[in-house]
Amino acid sequence: MSQRQRVFSGIQPSGQITLGNYLGALKQFVNLQDTADAFYCIVDLHAITVPQDPTLLRERILDLASLYIAVGLDPNKSTLFVQSDVSAHSELGWVLQCIVHMGELSRMTQFKEKAEGKDSVSVGLFTYPALMAADILLYQTNLVPVGEDQKQHLELTRDIGERFNTRFGSTFTLPEVLLLDQGARIMSLDDPTKKMSKSNSNPQSRIEMLDSPDDIRKKMSRAVTDSDREVRFDPKQKPAVSNLLAIYSLSANKSIQTLEKEYQGKGYGDFKKDLAEVLVNTLQPIQKRYAEIRNSGEIQDILKRGANRAKEVARPTLDLVKQQVGLGCTTHS
Ligand code: AMP
Ligand code: TRP
């Protein structure tokens, strides 16, 4: 048991989960649960770094938990829990805010993107990566499966962990990032230079996991393509079609080369129509399971059990951190 790799990852309950989240993160979560000791967190504390409606936030936490299970995460194999149910995240998050430097946080591209054009942003949005580092380091994590947009945060997590270990003595395992090749960055359907995101104001830019078959077909027919009619993978010259090929390949479990051959001499119309059907077939069973679970009332129990397991694993790390730093007087002798 103790030989198994510890895996940790998290998703914010801040909107409808997209196909990008699924192909870039959730699919890997499912694959890892058979071999690793996996912790999958719903990072609600991260979601409040930007304004959230309280009623909606609570609903979205339950939506996301139901989706975790609907895509195939098994609460008997993985630990599924909500970040704010385990207070050690906030506690370690504070300590790590006192380790990370302002300059390091200023360089984070996700912060720059999210802050761009806003009159004011919360301090929490700025210090967000320190909380993320706490999420990961708390569990002595070996591997973090994420999309490419999180790579920079992972590098910072390692830097923070390493700095802590050097300053206070060996405390944290330094985690590795686990990226999926093509799935690591699924781009928008309306603009292949931007990543597909649940927070994009244009719903046509993304496929959501709960989209109806008709919505999927409509969105696919409107998805932008490139000049000429060739279905060929070439991210530089043909970014839109390459993105659609990546989505097709990951969803149908066919290689890009096979797909290129299949669509040789055919136009974009056939290709996009077939892709829409592949997506409908991929998402329909997930949506069916989702509806059953979301309405069953068992989700709270699953999250409670998950939080209890997470607390047990997080506690020794937090105690050690406090001891190393010289905090408190009751947790250590
Ligand atoms: P977020 O939606 O920002 O909470 O992201 C949750 C997880 O999904 C992270 O691991 C992201 O890297 C991944 N992810 C989000 N959007 C995409 C995308 N367009 N392509 C691939 N992975 C993504
Ligand atoms: N920052 C991640 C995102 O926006 C979410 C996240 C928070 C996370 N804590 C994490 C991902 C820990 C992996 C591990 O997608």
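Counting starts at 1 for both ligands and their atoms, in listed order.
Residue contacts with ligand 1, taken as heavy atom pairs separated by less than 4.0 Å, involve Arg185 solely via the backbone atoms N, CA, C and O. Contact annotation: for Lys198 versus ligand 1, heavy atoms closer than 4.0 Å belong to the side chain alone.
Taking the six-membered ring for Trp and thresholds of 30 and 60 degrees, Phe8 and Phe39 have nearly parallel ring planes, at less than 30 degrees apart.
Taking any N or O of Asn21, backbone or side chain, at least one lies under 3.5 Å from an N or O belonging to ligand 1. No N or O atom of Gly10 sits closer than 3.5 Å to an N or O atom of ligand 1. Polar contact with ligand 1: present for Gly20 (N/O pair, distance under 3.5 Å). For ligand 1, the polar-atom distance check finds an N/O of Asp149 within less than 3.5 Å of one of the ligand's N/O atoms.
Interface atoms of ligand 1 facing Gln150, defined by a heavy-atom separation under 4.0 Å, are 12 (O). Distances below 4.0 Å separate heavy atoms of Ala25 from the following atoms of ligand 1: 7 (C), 8 (O), 10 (O). Below 4.0 Å from some heavy atom of Gln12 lie the following atoms of ligand 1, by number and element: 4 (O). Of all atoms in ligand 1, listed by their number and element, those nearer than 4.0 Å to a heavy atom of Gly24 are 21 (C), 22 (N). In summary, the atoms of ligand 1 found under 4.0 Å from a heavy atom of Ile11, numbered by their order in the structure, are 4 (O), 6 (C).
For Lys151, there are no salt bridge (charged side-chain N to carboxylate O under 4.0 Å, His left out) partners two or more places apart in sequence or in a different chain.
Under a 4.5 Å side-chain heavy-atom cut-off, the cluster of Ile, Leu, Val, Met, Phe, Trp and Tyr residues that includes Leu45 is completed by Leu131.
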Quick one: ligand 2 N/O to protein N/O pairs below 3.5 Å?
from, atom 1, to, atom 2, distance (Å)
ligand 2, 1 (N), Tyr128, OH, 2.6
ligand 2, 1 (N), Gln150, OE1, 3.0
ligand 2, 4 (O), Gln12, NE2, 3.3
ligand 2, 4 (O), Tyr128, OH, 2.8
ligand 2, 4 (O), Gln150, NE2, 3.3
ligand 2, 9 (N), Asp135, OD2, 2.7
ligand 2, 15 (O), Gln150, NE2, 3.3

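Taking a 6.0 Å sphere around CZ of Arg167, one finds it holds more than 12 heavy atoms contributed by other residues, nucleotides or ligands. Counted within 6.0 Å of CD on Gln237, heavy atoms from surrounding residues, nucleotides or ligands total 12 or fewer; the atom is thus considered open.
Between Ser66 and Asp63, the side chains place no donor N or O within less than 3.5 Å of an acceptor N or O (distance only, hydrogens not considered).
Using a 4.0 Å cut-off between a side-chain N of Lys or Arg and a carboxylate O of Asp or Glu, Asp34 and Lys77 qualify as a salt bridge. Salt bridge Asp53/Arg60: absent, no basic N to carboxylate O contact under 4.0 Å. With respect to Glu230 and Lys238, no salt bridge is recorded, no charged nitrogen being found less than 4.0 Å from a carboxylate O.
Scanning Lys194, Gln110, Lys195, Met196 for the heavy atom closest to atom 3 (O) of ligand 1 points to Lys195.
Figure legend: cation-pi geometry between Lys266 and Tyr263, with NZ or CZ positioned under 6.0 Å from the six-membered ring centre and within 45° of its axis.
For the salt bridge (Lys or Arg N to Asp or Glu O under 4.0 Å) with Asp211, the lone residue among Arg206, Lys219, Lys218, Arg217 that qualifies is Lys219.
Pairs passing the side chain to side chain donor-acceptor pair (under 3.5 Å) check and including a residue from residues 38-52, sequence neighbours excluded, read Asp44-Ser84, His46-Gln83.
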